[in-house]
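Just below is one structure, and these are the notes that go with it.
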Amino acid sequence: MEVLKIATAGSVDDGKSTLIGRILYDTKSLTTDKLEAIEKTSKQRGYDYLDFSLATDGLVAEREQGITIDVAHIYFSTAKKSYIIADTPGHVEYTRNMVTGASTSQASIILIDARKGVIEQTNRHFFINNLLRIKDIVVAINKMDLVDYSQEVYNKIKTDFEELMSKRDYQDQKITFIPVSALKGDNVVHLSDKMPWYKGEALLEHLEKLDKADIFNVGTPRFPVQYVIRPKTEEFHDFRGYAGKVYGGNLSVGDEIIVLPSKTRSKIKDIYVYDQKYETASRRSSVTITLEDDINVSRGDMIVKEGDLPTIDKQFTANVCWMDSEQLITGGKYVVQHGVNKVLAKVDRINHKIHPDYSGIENDVSGLSMNDIASVSFKLNKPIFYDQFKNHRTNGSFILIDAKSNNTVGAGFIQ
């Protein structure tokens with residue numbers, strides 16, 4: 001079954017966790033004990049409604065404060081799709097969590113409180129979705145029940161958001177506006193009769209109709225080798241296969257390929273999924289590939305089509321979201337993990353800091369603090385093979401690791 005990963009974004013009390021809980025409730029995805037716990041806690045707190053945010057906010061601090069702090073991944077399925085929802089925090093101080101949740105998502109839901117409209121945090125949420133090249137964005141204008149389901153309020157927020165859209169540099173996004181009440185369930189899973197002026201689809205109906213051909217970013221085929229398979233059994237004594245996941249495009253039997261970094265040439269002989277042979281490996285499929293020539297291929301190598309090489313270099317510039325309490329500074333040394341490869345890197349310079357509310361850039365920056373986003377240039381101790389993030393989300397992204405603590409301290413998107 002097709003799996004769709006969705007990131008959520010919204011300011012404090014915009015109702016992200018409530019919206020997700022409502023989806024789980026209306027699709028009958030909550031277990032009996034979970035539902036009973038929600039009913040019991042809601043009654044204890046004196047609510048005359050079910051507090052669906054309890055379905056997702058798992059940390060004690062989240063429940064006590066009524067806010068989302070960490071990224072939670074929620075899983076549910078319908079007859080058509082399986083879903084993974086990354087419930088991300090809306091606070092400025094948790095920008096790093098928001099980037100983490102959205103970096104691997106194909107669609108995003110940005111919530112706006114109908115009473116507050118487009119605010120500074122909305123700019124930040126849209127900027128991050130633009131930075132991470134999220135193709136399908138739903139702008140869910142929530143709490144419509146608190147503004148008497150007003151079409152005028154909805155239209156004003158839509159107009160303000162469209163003005164924000166004019167600032168983006170990624171034009172391939174599809175933006176869909178849906179007025180909802182997560183608490184009451186209006187236009188979440190089922191269309192509501194409270195807003196007859198709205199002629200679109202309910203939120204879940206829109207997600208159900210998303211075509212993966214439209215929302216998954218298409219690039220050129222990249223096959224990072226994760227494991228070399230050598231069974232050495234009687235039946236497969238001479239078998240040598242290369243296991244991994246295909247990113248960006250398709251690979252087929254007979255394709256002329258080049259193995260990086262050695263630049264050795266060969267042809268694809270067979271494509272296996274377990275013990276079944278296939279003529280083509282579609283993008284995002286996990287397969288084992290065999291080659292016509294017995295050449296040296298190791299974990300961390302990359303198989304690409306001939307004439308379709310990525311950039312091979314010992315330096316690059318990237319937009320970096322800094323996630324550590326210790327500052328990133330010029331001259332700082334880190335480990336860059338790019339796919340399955342790890343290389344040592346030094347910060348050559350911090351070009352400028354980017355204000356994620358579309359207010360511009362800041363030059364002459366000496367260091368990056370937690371949640372800062374900046375353009376940073378790196379020098380590596382050996383070449384990597386990469387694409388620009390705007391052309392290839394997987395092969396254009398990496399993480400930074402502190403060599404001493406082994407903590408992940410940053411996420412990067414190659415320019």
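Just so you know, residue 1 is the first one in the sequence shown, and it goes up from there.
In this structure, the ring of Phe161 has its center less than 6.0 angstrom from the ring center of Phe126. When ring centroids are compared, Tyr83 and Tyr75 stay outside the 6.0 Å threshold. In this structure, the ring of Tyr149 has its center no less than 6.0 angstrom from the ring center of Trp197. Between Phe316 and Tyr386, a ring centre-to-centre spacing shorter than 6.0 Å is recorded.
Between the side chain of Lys333 and the backbone N or O of Val347, no donor-acceptor pair lies under 3.5 Å. At distances below 3.5 Å, not a single donor-acceptor pair connects side-chain atoms of Asn319 with backbone N or O atoms of Ile373. Under a 3.5 Å cut-off, the side chain of Arg283 and the backbone N or O of Tyr247 do not form any donor-acceptor pair.
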Does the side-chain contact (heavy atoms from CB on, under 4.5 Å) test come out yes or no for Leu260 and Asp301, once each step is laid out?
CA-CA 6 Å; Leu260 301 175; Asp301 290 355; over 6 Å; no
Let's go through Leu191 and Asn187 carefully: what are the C-alpha distance in whole Å and the side-chain angles of both, what is the deciding distance for side-chain contact (heavy atoms from CB on, under 4.5 Å) to 0.1 Å, and is it a yes or a no?
CA-CA 4 Å; Leu191 274 176; Asn187 290 344; 3.4 Å; yes
Applying side-chain contact (heavy atoms from CB on, under 4.5 Å) to Leu344 and Leu380, what does each step give before you reach the verdict?
CA-CA 6 Å; Leu344 294 175; Leu380 315 178; over 6 Å; no
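The list of salt bridge (Lys or Arg N to Asp or Glu O under 4.0 Å) pairs with a residue in residues 308-330, not counting sequence neighbours, is empty. For the ring pair (Phe, Tyr, Trp, His ring centres under 6.0 Å) condition, the pairs that include at least one residue of residues 321-344, sequence neighbours left out, are Trp322-Tyr334.
Distance check: Asn395 CG to Ser397 OG gives 8.0 Å after rounding to the nearest 0.5 Å.
Residues satisfying the ring-ring contact (aromatic ring centres under 6.0 Å, His included) criterion with Phe223, sequence neighbours excluded, are absent altogether.
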